[in-house]
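Keep in mind that the numbers below use all heavy atoms, side chains included, and drop hydrogens, waters and symmetry copies.
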Amino acid sequence: MAAEVLISIIDDDLSLQVALVRLIRSLGYNARGFASAEEFLESGVIADCSCVITDIQMPGMSGIDLKRVMEERGSNVPVIMITARTESSIEVDALASGALCFLRKPIDTKVFIDCVTRALKA
């Protein structure tokens with residue numbers, strides 16, 4: 001059931017974090033926002049997550065570093081990475097780290113929903 005799904009949104013841009021949480025909830029899923037990778041890791045919700053959506057560039061730990069830490073902790077939760085950065089190497093790095101999807105800001109809502117749907121089927 002959709003209500004049992006938990007999708008975590010990690011972004012230091014509060015307005016985007018809130019918008020994505022609202023979008024996920026409008027699709028019928030539970031969503032929880034975090035301002036940093038560290039806050040997410042300290043929350044203890046990794047085991048409950050069906051999908052993690054993270055910004056790549058944040059103060060402290062990056063989204064790519066977060067993916068590595070999650071793997072070190074035994075998590076195979078699908079991760080969607082987003083960024084406002086434009087250099088092509090960041091997409092290569094994100095996908096090489098194991099990200100299921102890579103999206104650039106501003107995020108296309110349809111593409112975003114397609115990525116979430118794919119992640120929930122993974």
When rounded to the nearest 0.5 angstrom, what distance separates [atom1] in [X] from [atom2] in [Y]?
X: L20; Y: L16; atom1: CG; atom2: CG; result: 4.0 Å
X: D48; Y: N30; atom1: CG; atom2: CG; result: 10.5 Å
X: L6; Y: I46; atom1: CG; atom2: CD1; result: 11.5 Å

Qualifying residues under side chain to side chain donor-acceptor pair (under 3.5 Å), relative to [X], sequence neighbours excluded:
X: K110; value: D114
X: D108; value: none
X: S15; value: D13

Closest heavy-atom pair and its distance - [X], [Y]:
X: C51; Y: I80; value: SG-CD1, 3.9 Å
X: P78; Y: S50; value: CD-O, 3.4 Å
X: T54; Y: G63; value: OG1-CA, 3.8 Å

For L14, the hydrophobic cluster (side chain heavy atoms closer than 4.5 Å, chained through members) also holds V18

Residues at least two apart in sequence or cross-chain that pass side-chain contact (heavy atoms from CB on, under 4.5 Å) with V77, listed by chain then number, are C49, V52, M70, S75

Name every donor-acceptor pair, under 3.5 Å, that has one atom in a side chain of residues 34-43 and the other anywhere in the protein, sequence neighbours excluded.
{"unit_1": "S36", "atom_1": "OG", "unit_2": "E39", "atom_2": "N", "d": "2.9"}
{"unit_1": "E38", "atom_1": "OE2", "unit_2": "M61", "atom_2": "N", "d": "2.8"}
{"unit_1": "E39", "atom_1": "OE1", "unit_2": "A35", "atom_2": "N", "d": "3.1"}
{"unit_1": "S43", "atom_1": "OG", "unit_2": "F40", "atom_2": "O", "d": "2.6"}
{"unit_1": "S43", "atom_1": "OG", "unit_2": "V45", "atom_2": "N", "d": "3.3"}

### Query
Quick one: salt bridge (charged side-chain N to carboxylate O under 4.0 Å, His left out) pairs with a partner in residues 24-37, sequence neighbours left out?
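Output for this query is empty, none listed.
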
For residues 93-107, tabulate all N or O donor-acceptor pairs below 3.5 Å that involve a side-chain atom, not counting sequence neighbours.
{"unit_1": "S97", "atom_1": "OG", "unit_2": "A94", "atom_2": "O", "d": "2.6"}
{"unit_1": "R104", "atom_1": "NH1", "unit_2": "R85", "atom_2": "O", "d": "2.5"}
{"unit_1": "K105", "atom_1": "NZ", "unit_2": "D11", "atom_2": "OD2", "d": "3.2"}
{"unit_1": "K105", "atom_1": "NZ", "unit_2": "D55", "atom_2": "OD2", "d": "3.4"}

R68 meets the salt bridge (charged side-chain N to carboxylate O under 4.0 Å, His left out) criterion, sequence neighbours left out, with D65

Which of V5, V111, I53, L23 passes side chain to side chain contact (heavy atoms under 4.5 Å, CB included) with V116? Answer is I53

